[in-house]
Amino acid sequence: MNRLIEDRLGERARVRERERAILVGLDLGQKASWQERESMEELIELAQTAKLVVLHTIIQKREHPDPAHFIGKGKAEELKNLASAAQADLIILNNALTPAQTRNLEELIQKKIVDRAQLILNIFVQRARSKEAKLQVELAQLEYLLPRLRGWAEALGQPGAGIATRGPGETRLVQEREAIQRRIHILKERLLKTEQERAVRRKLRQKNEIPQIALLGYTNTGKSTLLQALTGAETFIEDKLFATLDPMTRQLRLPNGQLVVMTDTVGLIKKLPHQLVPAFASTLEAVREADLLLNILDLSHPHLFDHWRTVQDVLHEVFDDAPRPPMLHLLNKIDKLGYLQSNEDQQQRLAEARRLIPNTVEISARAGLGLELLKERIVQALGERVRPAPPAV
């Protein structure tokens, strides 16, 4: 099964040198133009996180995706010449491709074709560390692969003629599909057992009336750094997208002596492969069960408000019409506002963030700024869920 995943999804461990990539996006109109450019910037970061060398970035304008070649056959032929001249190893599309589109592009361009979802999945392969995270990533990979097996049917061989006959390609296809389905069943059972164990621990905390706080936010906004700064937890911190995938729970003692439990969650991102949402349900479960949400935002990021809206969209999916716990929006990395040209620009950015985003707290997790104020705001937000420490005898 591991060999199958490597063959289908291009396992990076088999690559001896950094692969060279051309990134391609699709602009579907003037309204989407700014969004596509921003998304392409993020795709560059994803490619660099995956340890790829980015040779070129291309944005193709079309009214709608081409059903056969996504970017159109003519543009695909131009891309073939560019990839050959630049000695590119693969082409990365900033969208989800159908199996047929992937196959058609690979046959025309004669290069490996990877879509955005597959790139993110490969990054998750590199980043998963705990046993549970590895199981979740493998499940996401297989659920991504299963509907795409049909796309390789021709490469596996033609079915035989006549009733009840089956060619070698179709036989292998059926065998692989059945093997994947069995493995998915096993992974889901193992993850269910893990979730049941977590549920027991969660109920114990609730029985002991320990408030639960969930950290969430766009990827690479500083969630792990904040958890370490507040609780002293040893966490893996790196300035890359999806630096850590493993949910971590630690205790924090508030100024009045009350203990609370804080859980870090996987970073969010636009166009996140939908296979990863159920696969990482355990981290979203922490959001649903929390008494308070802390949404960490990168105040210095040029797309701060777009990231804030993305988080709101995800929360809408998580809670649907159910009531949400209170939430504080943490404007992190306030110490990095120096990238703006003047103090007036810095004040304008702060004023705009305070106006558009409710319940904000300005902090720098790395520099330790505003953390005591944050703890006081947590006490206020939790209200009756926080009990003052008993007086000393």
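Owing to the predicted nature of the structure, the values given are computational and were not obtained by experimental measurement. Keep in mind that the numbers below use all heavy atoms, side chains included, and drop hydrogens, waters and symmetry copies.
Side-chain atoms of D291 do not come within 3.5 Å of backbone N or O of P211 as any donor-acceptor pair. Between the side chain of R20 and the backbone N or O of Q87, at least one donor-acceptor pair lies under 3.5 Å. Judged by distance alone, with hydrogens and angles left aside, the side-chain atoms of N104 form a donor-acceptor pair with the main-chain N or O of A68 at under 3.5 Å. With hydrogens and angles disregarded, a donor-acceptor distance shorter than 3.5 Å links the side chain of T49 to the backbone of E45. Put simply, the side chain of R18 gets close to the backbone of L52: a donor and an acceptor are under 3.5 Å apart. For H69 (side chain) and I71 (main-chain N/O), no donor-acceptor pair under 3.5 Å exists by modelled atom type. For the pair R366 (side chain) and T225 (backbone), a donor-acceptor distance under 3.5 Å is absent.
The side chain to side chain contact (heavy atoms under 4.5 Å, CB included) with L330 is formed by just one residue from the set N359, D298, L374; it is L374. Tested against H185 for a side chain to side chain donor-acceptor pair (under 3.5 Å), the candidates E189, Q181, R183, K188 yield a single pass: E189.
Heavy atoms only, all atoms of each residue included: F70 and A96 are closest at CE1-O, 4.5 Å.
The aromatic rings of W308 and H329 sit perpendicular, their planes meeting at an angle over 60°, well past the 30° parallel limit.
A continuous path of Ile, Leu, Val, Met, Phe, Trp and Tyr side chains, each step under 4.5 Å between heavy atoms, connects I378 with L373, placing both in one hydrophobic cluster.
The CD1 atom of I120 lies 9.5 Å from the OG1 atom of T219; values are rounded to the nearest 0.5 Å.
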